[in-house]
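A quick write-up on the structure given underneath.
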Amino acid sequence: MFKNKKHPPGMTDTLIGVGTEMNGLLKSQAGIRIEGAYQGDIESKGDIVIGESGVAKSNITARDVTIAGKVYGDVHTVGKLLITATGQLHGNSHAAILNVQEGGILNGGSQMGRSDTRTAGALSEGSTSSAGSGPKEHGDKKTKQAV
C-alpha cells in the first residue's frame with residue numbers, strides 16, 4: 001500500500017477507503033492512507049497519504065505527508081510535504097521540505113525548517129543579523145557620519 005515502509009515489523013498501515021466517512025482524533029505509529037472522508041486531527045509517527053479521492057478536514061502531524069486529494073487544515077511534518085498535481089492544501093504548512101507539483105494548490109502560509117524549531121530559529125536569526133540588515137544599517141550609519 002505504501003512504497004516505503006519505515007516502521008517496525010508487525011505494524012499495519014491504516015486505510016480509510018473510498019465511501020468511508022470518519023470523525024475523531026486519529027493517532028498512529030504506522031502510516032495512514034485516506035481515500036474517503038475524515039474530519040478531526042491526525043497524528044502519525046509514519047507517513048500520511050491523502051489519495052486523489054480523499055478529503056481531510058484535519059490538522060495533520062506526521063513524518064512525511066503526500067496530498068493528492070484535499071486537506072482543509074494545517075500540516076506539520078518533520079520531513080517532506082508533497083502536494084501533487086491533483087492535491088489541494090487549504091491551510092498552513094510547516095515542513096523541512098516542501099514540493100508543490102504543477103497544478104497543485106497551496107492556499108495558506110508556508111514555513112520551512114528542521115524538526116528542532118528552536119535551533120532553526122536561532123540559526124535564522126543569527127544568519128539574518130550577520131548577513132542581512134545588520135551590516136547594512138551599520139554601513140548607513142558610517143555614510144551618515146561621513147556626510
Side-chain angles (χ1 to χ4, degrees), residues 1-140:
M1 181 164 50
F2 295 94
K3 47 184 171 170
N4 293 326
K5 295 201 180 223
K6 299 177 187 173
H7 51 76
M11 291 192 126
T12 304
D13 293 319
T14 300
L15 171 65
I16 298 174
V18 175
T20 302
E21 295 180 18
M22 293 185 71
N23 296 306
L25 171 63
L26 178 57
K27 287 186 175 186
S28 177
Q29 298 291 316
I32 300 168
R33 183 177 188 98
I34 298 175
E35 292 289 348
Y38 188 85
Q39 183 169 347
D41 290 347
I42 302 170
E43 298 174 13
S44 175
K45 294 199 181 199
D47 299 342
I48 295 179
V49 176
I50 309 299
E52 285 190 31
S53 61
V55 177
K57 295 180 180 177
S58 311
N59 291 318
I60 298 172
T61 303
R63 179 177 47 213
D64 292 331
V65 176
T66 300
I67 301 172
K70 297 177 183 174
V71 173
Y72 299 91
D74 296 342
V75 175
H76 293 262
T77 70
V78 294
K80 181 167 85 171
L81 170 58
L82 169 63
I83 302 173
T84 69
T86 59
Q88 298 181 19
L89 172 57
H90 301 277
N92 299 314
S93 71
H94 183 241
I97 300 168
L98 173 63
N99 185 347
V100 181
Q101 294 180 345
E102 185 175 344
I105 296 172
L106 171 58
N107 284 326
S110 174
Q111 244 185 348
M112 292 181 67
R114 301 288 176 219
S115 61
D116 186 355
T117 55
R118 194 175 39 147
T119 303
L123 290 174
S124 295
E125 290 172 7
S127 63
T128 300
S129 63
S130 65
S133 59
K136 183 178 178 184
E137 289 173 6
H138 185 55
D140 288 346

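We use all heavy atoms of the structure for the numbers below, so side chains are in, but hydrogens, waters and symmetry mates are not.
Between the CZ atom of Arg63 and the CG atom of Asp47 there is a distance of 4.5 Å, given to the nearest 0.5 Å. The OG atom of Ser110 lies 9.0 Å from the NE2 atom of His94; values are rounded to the nearest 0.5 Å. Rounded to the nearest 0.5 angstrom, Lys45 NZ and Ile32 CD1 are separated by 12.5 Å. Once rounded to the nearest 0.5 Å, the distance linking CD of Gln29 with OG1 of Thr14 reads 11.0 Å.
Within the 3.5 Å criterion, the main-chain N or O of Thr20 finds no donor-acceptor partner in the side chain of Tyr38.
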Task: Verdict with supporting geometry, Glu43 and Leu25, side chain to side chain contact (heavy atoms under 4.5 Å, CB included) - done: CA-CA 8 Å; Glu43 298 174 13; Leu25 171 63; 4.3 Å; yes
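Minimum heavy-atom separation, Gly91 to Leu106: O-CD1, 3.8 Å. Closest heavy-atom contact between Asn92 and Gly109: OD1-N, 2.7 Å. For the residue pair Asp13 and Ala30, the shortest heavy atom distance occurs at OD1-CB, 4.0 Å. The nearest pair of heavy atoms linking Ile16 to Ala37 is CG2-O, 4.5 Å. The two residues Ile42 and Ile34 come nearest to each other via the heavy atoms CD1-CD1, 3.5 Å. Here the closest non-hydrogen pair linking Gly73 and Leu89 is O-CD1, 3.3 Å.
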Tabulate below the donor-acceptor pairs under 3.5 Å that side-chain atoms of residues 78-88 make, not counting sequence neighbours, or state none.
unit_1, atom_1, unit_2, atom_2, d
Thr84, OG1, Ile67, O, 3.3
Thr84, OG1, Thr86, N, 3.4
Thr84, OG1, Thr86, OG1, 3.3
Thr84, OG1, Gly87, N, 3.4
Thr86, OG1, Ala68, O, 2.7
Gln88, OE1, His90, NE2, 2.8

Please tabulate, for side-chain N and O atoms in residues 52-60, each donor-acceptor pair with protein atoms closer than 3.5 Å (sequence neighbours left out).
unit_1, atom_1, unit_2, atom_2, d
Ser53, OG, Glu35, O, 2.8
Ser53, OG, Glu35, OE1, 2.9
Ser58, OG, Gly40, O, 2.7
Asn59, OD1, Asp74, N, 2.9

